[in-house]
Structures are given as C-alpha cells and as structure tokens.
Amino acid sequence: RSPTGLFCWPGFGVGFPLPVAVIDGILLSEQPLHAFARGAAANLSIIVGCNRDEAAFRPQPQDTLGVGAKNFGNRIEIVHRMMWEMAGMPLALRSSQANLGQRIVQLISSYQEDRAQNQSCLGPSGNTCTATQWLQDTIASDFVSGAFTHMLAVRMGRTGGSQATFRYQFNGFEGAGDARHGAELPILMGGTTEQLECSSWVRDAWLDSWVAFARSGNPNTTAMNGVWGPVGHHPCRAMFWDGLDGWSMDEGEILGSRRGLHATVDLWEECLSIMQSEDEQTRLGGALPVRLKPMRDGSEQE
C-alpha cells in the first residue's frame with residue numbers, strides 16, 4: 001500500500017484491466033474509469049482525445065511483404081495478436097481459448113465493415129501495404145487508445161461528469177493514415193514549421209486553441225466561432241485536427257458510424273463490468289446491484 005504498489009501485479013486470477021491501474025489505497029482508491037463515472041471530474045473542464053493511427057506500424061512497401069514482423073500476412077495472425085493483447089483481462093481469464101478467439105473473429109468482422117465503407121478515402125488497405133495490415137493497425141489503435149477515449153467521453157460527458165468535456169482526434173497530415181503515436185508532438189512542441197511537415201497556420205491555430213482552454217476551460221478560438229462543442233450526451237462529437245488541413249468538426253457522423261470502434265468499446269465495457277462486479281461482490285458480501293450499461297449516445301440501459 002504505497003505509490004510503488006501501482007506497479008505491482010494486482011493478484012492471482014484478477015488480471016490487468018485496461019488502462020492498467022492497481023488500487024493501493026493511497027494514490028488510487030478505485031479504478032479511474034469508475035471514478036470518472038462517479039463524477040470525480042465534476043468540477044473540471046476536460047479535453048480528451050487520441051491519434052487515429054496510434055498503434056499503426058509505419059507503412060511497408062509491397063516488396064517487403066513477409067520480410068519483417070511488422071507485416072501481418074493473414075487474419076489468423078491478427079486473431080492471435082489480439083488474444084495476446086487481451087491476456088490477463090478478466091474476460092479472457094473466464095473464456096476458453098476457442099471462445100476468446102471467436103470474440104476476436106466477431107470483432108474483426110465489424111472492422112471489415114468499416115474497411116468496406118472506406119471512411120478515410122484511402123482505399124481498401126489505407127496507408128498500409130495490405131488490407132490485413134490495415135485491420136491490424138486499426139484494431140490495435142482502438143484497443144490501446146480510441147476505445148478508451150470514447151469511454152472517457154461517455155462518462156465525463158454525462159450530467160455531473162464534468163463541467164464540460166471536449167473531444168478531439170488527430171488524423172495525421174492530409175488524412176493520409178499517418179497519425180501514429182506522437183505524430184502530433186512536433187506540431188505543438190517541435191522546431192520551426194520550415195523544419196516540420198505541418199502548416200504554420202495549423203500550428204498557430206492548434207496552439208491558440210490549447211491556450212484558450214488553459215485560460216477559460218473552453219478550447220474555441222475566435223476563428224472557430226464556438227463550433228467545437230462539448231460532447232454532452234453525444235460522445236462521438238469531436239474536433240478533427242490535421243497537420244496540413246487544419247481543423248474540422250465531426251458531429252458524430254464519422255466516429256458514430258465506426259462499427260469496429262464501438263465493438264471494441266463494448267468489449268472493454270464488458271471487461272470493466274466484470275471487474276467492477278467482483279469488486280462490489282467483495283465489498284457487499286455477495287449481493288450485486290443492478291448494473292447500468294453506458295450506450296453510445298451517452299444514455300444508459302439495464
């Protein structure tokens with residue numbers, strides 16, 4: 001029970017939730033997502049966001065297929081990789097290998113539907129060498145980042161969840177599928193725009209927006225004219241940032257229609273529900289209350 005306890009294994013048979021957090025009774029007294037659902041950020045204004053291609057590999061040319069570990073050759077490889085990503089999760093600990101594999105196959109089917117829609121207008125394989133690699137990059141990005149951004153937006157967008165929660169997504173440069181981990185940092189923290197691939201006006205606009213939020217709790221600049229609205233009960237409402245094209249507002253048409261993203265959110269919510277039920281069962285001596293499941297539009301159902 002100390003700050004170092006945060007890095008300890010939570011206990012045999014319990015497994016790691018995502019995001020990983022160990023309750024040590026000092027720094028953390030409950031899981032962060034539970035705390036946000038309870039209203040721990042009720043007195044704060046929040047910006048929550050992610051990079052669209054957070055966990056994507058750098059594009060590999062066609063002639064490197066099969067050469068390196070960065071190229072996924074078939075769907076079976078993706079199923080195995082995603083099962084590995086879930087190792088230790090409460091749901092995985094309670095599922096057979098076959099059942100867990102089937103859940104991942106169903107998840108992949110949702111992403112296949114997204115790929116057919118070609119929302120990013122980059123073709124069937126996006127910014128990758130194959131359609132299979134696109135699946136891997138997109139699913140992995142949602143696994144580690146996109147799904148939790150949405151889960152946070154749902155919780156903090158509710159009445160009493162925060163004073164106001166604003167959501168954003170960085171889409172790379174001209175939407176080319178290159179919004180990988182840290183790709184936005186040179187725009188906001190790097191050298192001159194002559195040394196970077198971003199537009200100077202985009203850099204100024206984004207920094208001005210961050211300054212406006214730090215000053216007032218509202219990221220809208222004069223040029224935005226209030227278009228960046230808080231998520232409220234519409235967690236898919238988000239500001240899209242692009243290093244060359246600037247900003248554009250998605251009122252939920254794009255994020256709200258991403259079947260794969262929401263299938264991943266549902267999977268993580270199920271895992272979180274199992275963990276919270278176990279915590280409550282331990283605390284209440286076996287009596288479990290009726291649980292509410294957060295819906296995509298921010299409402300709840302039993």
Side-chain angles (χ1 to χ4, degrees), residues 9-20 31 33 50 52-57 65-66 69-119 124-126 128-151 154 236 255-279 281 288 291-297 300-302:
W9 176 255
F12 179 76
V14 177
F16 276 120
L18 286 176
V20 173
Q31 292 293 334
L33 286 173
C50 63
R52 186 182 65 188
D53 313 296
E54 173 70 23
F57 291 120
L65 289 178
K70 291 186 177 182
N71 292 312
F72 281 70
N74 55 64
R75 285 178 43 163
I76 298 300
E77 291 183 53
I78 299 177
V79 172
H80 290 167
R81 171 61 183 267
M82 292 302 110
M83 290 176 66
W84 179 85
E85 293 283 356
M86 292 188 65
M89 290 288 288
L91 179 64
L93 293 173
R94 288 154 183 76
S95 301
S96 67
Q97 182 175 349
N99 288 340
L100 185 59
Q102 184 58 37
R103 292 294 298 271
I104 299 300
V105 169
Q106 294 172 354
L107 191 67
I108 290 175
S109 296
S110 297
Y111 281 94
Q112 289 279 35
E113 295 181 30
D114 285 346
R115 190 173 70 85
Q117 289 185 0
N118 189 27
Q119 292 178 332
S125 60
T128 66
C129 54
T130 66
T132 301
Q133 188 66 46
W134 180 92
L135 283 170
Q136 155 61 30
D137 289 352
T138 307
I139 296 174
S141 295
D142 286 344
F143 258 50
V144 304
S145 183
F148 298 112
T149 297
H150 185 82
M151 293 166 74
V154 167
C236 292
L255 289 179
S257 64
R258 287 201 53 212
R259 294 178 176 86
L261 170 64
H262 295 293
T264 299
V265 169
D266 291 343
L267 183 65
W268 286 160
E269 291 286 9
E270 183 178 350
C271 291
L272 193 68
S273 179
I274 292 173
M275 174 173 297
Q276 188 168 6
S277 295
E278 291 180 345
D279 291 343
Q281 190 168 26
L288 292 180
R291 295 211 44 75
L292 296 177
K293 176 183 178 181
M295 305 301 289
R296 295 176 190 174
D297 62 359
E300 296 176 330
Q301 72 173 13
E302 295 186 4

In this structure, CG of Asp142 is separated from CG of Asp53 (nearest 0.5 Å) by 10.0 Å

Checklist entry - Is there a side-chain contact between Ile78 and Tyr111 (heavy atoms, below 4.5 Å)? => result no

Heavy-atom nearest pair, Ala131 first then Arg115, reads CB-NH1, 3.4 Å

Test item: His80 side-chain N/O and Gly101 main-chain N/O as donor-acceptor pair under 3.5 Å: no

Fill in: Side chain Ser273, main chain Glu269, donor-acceptor under 3.5 Å
no

Classify the angle between the aromatic ring planes of Trp268 and Phe148 as parallel (below 30°), tilted (30 to 60°) or perpendicular (above 60°).
parallel

Review point. For the side chain of Ser145 and the backbone of Ser141, is there at least one donor-acceptor N/O pair under 3.5 Å apart?
Key: no

Correct closest heavy-atom pair for Leu261 and Ala147 would be CD1-N, 3.8 Å

Between Arg75 and Thr132, the two heavy atoms sitting closest are N-CG2, 4.2 Å

* Would you please test Ile108 and Ile139 for side-chain contact (heavy atoms from CB on, under 4.5 Å) and show each step? => CA-CA 8 Å; Ile108 290 175; Ile139 296 174; 3.8 Å; yes

Between His262 and His150, does a side-chain contact (heavy atoms from CB on, under 4.5 Å) hold up when you go through it step by step? CA-CA 9 Å; His262 295 293; His150 185 82; 3.6 Å; yes

Taken to the nearest 0.5 Å, the spacing of Phe143 CZ from Glu54 CD works out to 15.0 Å

Would a 4.5 Å heavy-atom cut-off, applied to side chains only, mark Met82 and Leu107 as touching?
no

- Task: For Asp114 and Gln117, indicate whether the former's side chain and the latter's backbone hold a donor-acceptor pair under 3.5 Å.
- Result: no

All heavy atoms of Ser110 vs all of Ala263, minimum pair found to be OG-CB, 3.8 Å

CG of Asp266 to CZ of Arg259, rounded to nearest 0.5 Å, is 13.5 Å

Determine whether Thr138 and Arg258 satisfy the following criterion, side-chain contact (heavy atoms from CB on, under 4.5 Å), listing intermediate values before the conclusion. CA-CA 11 Å; Thr138 307; Arg258 287 201 53 212; 3.5 Å; yes

